[in-house]
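Let me begin by presenting the structure, written as structure tokens, before commenting on it.
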Amino acid sequence: MAVELCLLLLLLFCGSTVSEVQPIYKPPPGTLDFGFVPAKTYDTGAYHEPGPIGILFKIVHAFLYLVQPNPFPQDLIRKVAQQKFGNTQGDYQKPENVVLTLQAIYYEIGFIVSAALGLLFILLLPLVGLCFCMCRCCDNCGGEMHQRQKKNADCQRSCFATFLFVASLIISIGVLCAYAANQHLTSQVRGAKKLVNSNFKDLKVFLNDTPAQIDYLVSQYNTTKDKALSDLNNVGPLLGSRVQEQLGKEVRPALDAALTMAGAIRETKEALENVSVSVEVLQEGTERLHANLTDVKMHLSNTLNDSACSAAQAASTCNIIRNSLNQLNINANFSGLPGVSSQLAKVNDVLKIDLSSLVQKGYAAFNDTPDLVVNQTKNILSAVPYIKNVLESIGSNISSFTKTLPVQKILADLTIYLTQSEAYVQDYFPLVEQYDFYRWLGCLILCCMVVLIVVFYYLGLLCGTCGYDKHASPTTRGCISNTGGNFLMAGVGFSFLFSWVLMIVVVLTFVTGGNVEKLVCEPFEDKTLFKVLDTPYLLNQQWKNYLSGMLFKNPNINLTFEKVYSDCKENKGIYTSLHLEHLFNINEFLNISMYTEDVALRIEHIQINLSKIILLDEIGKENLLNFSSSGIDGINFGAYLTEINKSVTKVDLLSFANDLEARADQLPKGALENALKGHANNIRMIHNQQVVPLEQAMKYVKARSTLNQSIRLLKRTSSELMVKVKNVISAVNAAQLLINNNASLVIVQETKKYMDTIVGYFEQYIDWVKESIAMEVAACKPIANVIDTAVDIFLCSYVTDSVNTFWFGLGGSSIFLIPAIIFAVKLSKYYRRMDTEDVYDDVETIPMKNTENGNNGYHKEHLYGIHNPVITSSVEQW
């Protein structure tokens, strides 16, 4: 079976050979999507929840820890297993064997002491019972039906009854625990069939799904092949786009800078034209305003020269007005600004050549890179049929190899073996249930023995308590009270009869179940049991690693039970769990380097020439240089900005007119006053008709704004214009040099990347196959589930926990039979009807023993004139 399993794993491994790729690996351009390996879920949940009885299991575990607190003796078991006992007569007397024996005794000291106490119980209790019976038959040990008088008789009776009830209650609890454990074991054994069937079902799924998973891995080779062929058929566009992308990192910024400069030339022309037009508009408005202000100032000066201003009352006012006439003048003088006609003419000459068109031609030439590559890689397309044949041969080799492996035969053999095993289990499961019924019946009989004893005690307590009359003498007790005492003594008798049988069962199950729990279940749970099994040379003195020696006939391979179990527990592939690479190395089978090298050589012979690409010719470069020498950097931008920021007039004409009118009011009434007021009105009219339009009319506002924006744009453009133009030309020349001289290096690099992409598809496939085989193909969770089901669930949870709980309850009941016997014997004396009793003379108070009884056993009181006999304590009678 192990060899067949190895071969199956080898098959799976071969299947992995066909499909080793993982979706985690990402080659340069992108990843291939191989989907998910088809896998069915397993039904078996290798976990058992005991339910309410689990509380009892935990209590028993705690008790076992008290009995055996020592850790699992790994070293001791290894040494014992490696020692040879009994080969020679003196083996046991060897010092090392004596030491091992003492170490084993020390480890088992808790069980040994407990078992010794149980054996003493088994030997002494029947012997004590026999002696006790014989003693009572001789009217000793309480066999005499006589009760002596004691003052605290009621207190003793109550205490004995209470202690007996408590002991009986504890015995009842113990027998209930034993009964519950017995029922739990039976119910779990009956339900184990479903769990066994579930494990068999999972194993069948494990075997049946493996071929489909292998076929899926093989089929995904077509995904890799189709993608590689698709890229090879489109080698021109793909490689061309890669080359263009790499060259574009230098070329596109250079062309973008040249195109930006062409746009700057157009913007400069527009700005110069705007400056010229705006200055003309503003000059026209300010010249007309200047003429009108000059005319007003002349007339106002003539008026101030009138003789009326020579008068003493008007002289000072006229002088003030005369001194303020200089303020009647324009402030912003656009007539004095330098012209830009020469710069505009040079820029217009530059624009006779369409630089943008030249740059666009460079873009177009560069964008034709993929077409150039396509035209120059036609020789590669001729190799595509050969490469396709190579890829087809790889796929054929994979398929043919998997077909040569006897996968189906091994799977069929394993399926037959599994079916036979399942049939064997199904056939013998009724026998298991039958034997379990016998076990259940035997345990039930043991429980019934204890129940019988407890029932006698409970009946004795009930009858004795209910039928007891404290006014009745020991010889006149009622029938119910007497029956209660008899029940108690019957319970004592059955206790002596059954207790040793119960203790035999308790000791055997305690030693067996306790050691299974400590030496199997607990170390299995923390995997220390596997560490012992993995000890070198333990199971076979010739093999360092037993599992690898059994599977691969090579004990030097580091394959351990613990690692295999842990991997299967994590549902890893069986190839990884059993290290099947030592049987079949997928890496060797999937070594496609010989094919990829051939493909790479054919791809690397690509020769591509991109010297036909011209980014910007000499005319365009000359055009840029002409623009840099157009003279826009010689414009006096400061003069323009200064005039733009000035107000229209030096003084606010409205304020001037109001002030003039106010001063005219200070003059004597007459022609001078009226003339000055007339001039004030003329000034107001000039403000409203000329100054306000210059400040607010759209024509002048737009001209001023346009002039401001244009001047600022020209200032920005002209800033280090020569340096900017030279940088653009240098960038274009560098990009052109890259295309002419270094493009071959870029092409070689991109060709290598392209080749790596093609090869990367197969590397992805190989890695995916390896990952799938390691983690998904033939996931061995069912194997771990079988082990967990057999050991953790069935042996430990079903059987051992139930057996340990059974002896725990039954043992507790058996131990408390001892105090129950003592209290029952003591208490029965107070309930049973005595043959004689202690009596006292009323005068002398001298106790006398009456030996004359009537036919019914009652003391004849009338013979002695005793009306109130005193009840005293006596010794128990059997």
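In this chain, numbering begins with 1 at the start of the sequence shown.
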Specify whether Tyr546 and Trp543 have parallel, tilted or perpendicular ring planes, treating 30° as the upper limit for parallel and 60° as the lower limit for perpendicular.
tilted
Residues passing the side chain to side chain contact (heavy atoms under 4.5 Å, CB included) test with Glu108, sequence neighbours excluded, are Phe111, Ile112, Asn515, Leu519
Could you tell me whether the side chain of Asn554 and the main chain of Asn556 form a donor-acceptor pair under 3.5 Å?
yes
Would you mind checking if Glu422 and Lys204 are paired as a salt bridge, meaning a charged N to carboxylate O distance below 4.0 Å?
yes
Measure the shortest side-chain to side-chain distance between Phe498 and Leu452 over non-hydrogen atoms and say whether it is less than 4.5 angstrom.
yes
Partners meeting side chain to side chain contact (heavy atoms under 4.5 Å, CB included) with Lys527 (sequence neighbours left out)
Phe530, Glu562, Tyr565, Ser566
Going by the angle between their ring planes, with limits at 30° and 60°, are Tyr798 and Phe794 parallel, tilted or perpendicular?
perpendicular
Closest heavy-atom contact between Thr223 and Asp33?
CG2-O, 4.2 Å
Which atom pair, heavy atoms only, marks the closest approach of Ile122 to Trp500?
O-CB, 3.8 Å
Taking Ser198 for its side chain and Lys194 for its backbone only, find out whether a donor-acceptor pair lies under 3.5 Å.
no
State, yes or no, whether a side-chain contact exists between Tyr179 and Val451 at a heavy-atom distance under 4.5 Å.
no
Heavy-atom closest pair, residues Thr509 and Val505
OG1-O, 2.7 Å
So does Ser499 get a backbone contact from the side chain of Ser814, meaning a donor-acceptor N/O pair under 3.5 Å?
no
Donor-acceptor under 3.5 Å (Thr800 side chain, Leu795 main chain)
yes
Should we say atom CZ of Phe200 is surrounded by more than 12 heavy atoms from elsewhere, each under 6.0 Å from it?
yes
Of the non-hydrogen atoms in Gly118 and Met503, which two are nearest, and what is the gap between them?
O-CG, 3.5 Å
